Undergrad: 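One structure is given below, represented as structure tokens, and several questions about it will come after.
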Amino acid sequence: MLDQQTILSPILRTYDLKAGYEGKTILNGVDLDVGQGEFVALIGPNGCGKSTLLKTMARILTPTSGVAELNGRAVHDTPTREIAKAMALLPQTPLTPDGLTVRELVAQGRFPHQTLWRQWTKADETAVHDAMEATDVLQFADRPVTALSGGQRQRCWIAMTLAQDTDVILLDEPTTYLDLKIQIDVMQLLSKIAAQGRTLVVVLHELNLAAAYADRVVMMRDGAIVHQGHPAECITAETLEDVFGLRARVMTDPDTGRPVCIPMTGPAA
Amino acid sequence: MTRVWASKTGRFSVLLPAAGYGVLAVLAAVLVVFFIGQVALGTYTLSLAEVWATLTGSAQDMARTVVFDFRIPRALAAMLAGALLAVSGAILQALTRNPLADPSLVGVSQGGALAVVSTIILFPAFPPALRPLVAFVGAMAVAALVQALSDKGRGRNALRFILIGIAISSFLAALIRAFLTYGDIRDSMSALSWLAGSVHSSGWQDVAIMGAALAVVFTTIPAVARRLSVLQLGEEAATGLGLDVRLNNRVLLFTSVALAAVAVAAVGPLVFIGLIAPQAAKRMVRTGAGMHLLLTALTGAIMVIAADLAGRTLLSPTEIPAGVVTAIIGAPVFLLIMLRRNA
């Protein structure tokens with residue numbers, strides 16, 4: 001099991017990152033390195049700080065101490081628009097304005113690349129089209145986002161982050177509230193995006209999704225990283241007990257070699 | 001869908017609104033009709049030919065005085081105040097993501113009103129010409145107080161701004177009532193007529209000040225609209241897209257409050273315009289943020305000029321102040337919006 005990973009060229013890293021709300025510390029000194037092109041899943045029980053870590057890296061929250069760096073530049077000291085050209089964010093519950101069409105939503109992803117004098121260029125057009133193509137939402141480009149199903153809507157939001165054309169994309173629980181089949185679709189889409197060279201850091205609630213798709217799982221508890229590594233090495237009965245306090249059997253998917261956890265649902269021993 | 005205007009070299013490109021041009025033209029036409037009505041109608045009624053003759057400078061002195069010294073500034077003041085309050089409401093609603101946000105609901109109008117009323121009661125000799133300045137200072141001071149209070153405590157929840165504003169504004173309303181009760185009866189009467197929100201004494205000076213404010217608004221619409229479009233996706237998404245949400249909210253909030261303060265200073269508190277005009281414009285046609293601000297400004301202008309025209313002519317020779325008319329019509333519409341929203 002790899003508890004300490006050394007990544008040769010981290011694109012995103014944090015040093016001793018501490019953050020919280022109203023003086024209450026939730027993130028308790030986190031060191032994380034994310035390599036170029038990695039697909040990293042942050043997992044852990046509710047309140048473990050995985051969303052706080054993501055939000056602090058995304059500059060939604062300001063750290064109380066420590067640094068988050070993107071390409072070697074401190075995220076919180078760099079003009080926010082410069083960061084937005086290199087790192088996109090899909091929040092857990094973004095707002096969808098009534099009537100906004102899919103194309104209009106995806107076009108908002110171009111905001112950091114535009115100025116008042118240069119509101120729409122060929123590059124914008126191409127990026128928006130490619131993003132909609134990659135997420136397979138072109139067929140309802142001119143429909144209102146609110147008229148779509150939950151899974152279709154999530155694909156539109158992912159398209160918006162793709163149109164932003166960044167190396168890194170942070171996603172906060174992108175599969176929550178979706179049907180199982182749709183969750184798989186979204187994860188497969190994310191895998192495809194990662195395979196094309198983008199770096200993804202994703203907060204996930206569903207252990208088995210993280211186990212099946214991530215290059216690395218980062219397991220958090222009480223505001224700190226306690227285990228991390230490839231799912232096959234890192235997700236074991238012991239680490240699940242340790243991180244979640246969950247008694248579970250961990251088996252291996254014969255097709256993918258990935259771990260699958262089955263919580264013990266029988267009467268408590 | 002989107003229309004783009006781009007220079008040959010591609011160095012400059014502007015996104016043009018995709019829809020709303022038809023509605024814009026209709027609203028502009030309606031506004032012109034009301035303007036002509038406002039200039040022609042009244043105790044000294046002019047025919048269209050006489051209005052034309054006056055405007056082109058070939059009429060007798062009496063008509064010239066009525067038209068240029070009273071009716072035109074009054075009509076323009078009504079339109080400008082309506083447009084300013086409407087845009088102020090639209091920005092506030094977009095910022096707070098609350099369709100019930102309105103400058104008169106969050107203490108801005110009451111702040112201006114308290115400043116003026118207390119000046120009238122405590123210093124009866126204070127020159128009325130300086131009232132707009134007093135009102136502006138009062139409105140901005142209350143907005144700053146509300147902002148400071150809502151910045152304290154957890155998060156930067158836009159809803160807090162509204163709730164604290166409502167609390168402060170009812171407190172201010174109570175203070176205003178106290179001043180009216182304890183003040184000298186003649187001073188109180190003078191204060192009451194200002195409080196009713198009226199454009200009947202508006203002159204060219206009011207028009208110039210409000211016109212300048214609106215000119216600033218119109219030139220900044222493209223920049224404001226870009227930010228509002230991003231902000232409507234939520235503060236987290238907006239941050240992810242590279243918008244400095246905190247700075248942006250402060251600047252836009254200040255703009256919204258300042259626009260309302262300019263209008264309140266010139267014509268007194270006109271309620272519900274900032275609430276209803278943006279909602280009405282939204283229901284006419286779905287457009288981007290920029291076109292919506294334009295339509296909202298025109299709608300607000302029409303509402304106030306129509307209210308003033310109605311108040312001036314319906315019960316003639318008795319005049320009902322425009323502020324009373326907008327309140328009478330505005331309250332039920334406010335309820336309607338709220339009930340439909342909760343339905």
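Quick caveat: nothing in here was measured; it's all calculated off a predicted structure.
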Undergrad: Counting only heavy atoms closer than 4.5 Å, note whether B:Arg226 contacts chain A via side chain, backbone, both or neither.
TA: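 Its backbone and side chain both get close to chain A.
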Undergrad: Considering non-hydrogen atoms only, spot the tightest contact between A:Pro91 and B:Ala237 and give its length.
TA: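 Residues A:Pro91 and B:Ala237, closest heavy atoms: CG-N, 3.5 Å.
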Undergrad: If every non-hydrogen atom of B:Gln232 is compared with every non-hydrogen atom of A:Leu95, which pair is closest and at what distance?
TA: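 In terms of heavy atoms, the two residues are closest at O-CB, 3.6 Å.
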Undergrad: Under 4.5 Å from any heavy atom of chain B, what part of A:Gln164 do you find: side chain, backbone, both or neither?
TA: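 Just the side chain, heavy atoms under 4.5 Å.
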Undergrad: Inspect the surroundings of CZ in B:Phe171 and state if more than 12 heavy atoms from other residues, nucleotides or ligands are less than 6.0 Å away.
TA: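 Not more than 12 within 6.0 Å, no.
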Undergrad: Which atom names give the shortest non-hydrogen contact between A:Phe111 and B:Leu241, and what distance separates them?
TA: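 For A:Phe111 and B:Leu241, the tightest heavy-atom pair comes out as CD2-O, 3.3 Å.
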Undergrad: Taking side chain as everything from C-beta outward and backbone as N, CA, C, O, which of these in A:Met87 sits under 4.5 Å from a heavy atom of chain B? Side chain, backbone, both or neither.
TA: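 For A:Met87, the backbone is the part near chain B, not the side chain.
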Undergrad: Side chain, backbone, both or neither: which part of A:Thr166 has a heavy atom under 4.5 Å from chain B?
TA: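 For A:Thr166, no heavy atom lies under 4.5 Å from chain B.
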Undergrad: Pick one of side chain, backbone, both or neither for A:Lys122, based on which atoms fall under 4.5 Å of a heavy atom in chain B.
TA: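 No part of it gets close to chain B.
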Undergrad: Do A:Arg59 and B:Glu236 meet the salt-bridge criterion of a basic N to acidic O distance under 4.0 Å?
TA: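 A:Arg59 and B:Glu236: not salt-bridged.
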Undergrad: Taking side chain as everything from C-beta outward and backbone as N, CA, C, O, which of these in A:Gln114 sits under 4.5 Å from a heavy atom of chain B? Side chain, backbone, both or neither.
TA: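 Both parts, backbone and side chain.
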Undergrad: Rounded to the nearest 0.5 Å, what's the gap from OG1 on B:Thr239 to CG on A:Leu89? Could you check?
TA: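 Rounded to the nearest 0.5 Å, the OG1-CG separation comes to 8.0 Å.
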Undergrad: Show the nearest heavy-atom pair for residues B:Gly240 and A:Ala84, with the distance to one decimal.
TA: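 Looks like O-CB, 3.5 Å.
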Undergrad: Heavy-atom distances under 4.5 Å only: say whether A:Leu116 touches chain B with side chain, backbone, both or neither.
TA: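 Both backbone and side chain.
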Undergrad: Are any of the side-chain heavy atoms of B:Leu233 and A:Leu100 separated by less than 4.5 Å?
TA: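 A side-chain contact exists here, since the closest heavy-atom pair is under 4.5 Å.
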Undergrad: Spell out, as yes or no, whether a donor-acceptor pair under 3.5 Å connects the side chain of A:Arg81 to the backbone of B:Gly242.
TA: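 Checked: no pair found.
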Undergrad: Does CZ belonging to B:Phe254 count more than 12 external heavy atoms closer than 6.0 Å?
TA: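 12 or below, so no.
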Undergrad: Counting heavy atoms not belonging to A:Tyr177, are there more than 12 under 6.0 Å from its OH?
TA: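 Open: at most 12 neighbouring heavy atoms sit under 6.0 Å from OH of A:Tyr177.
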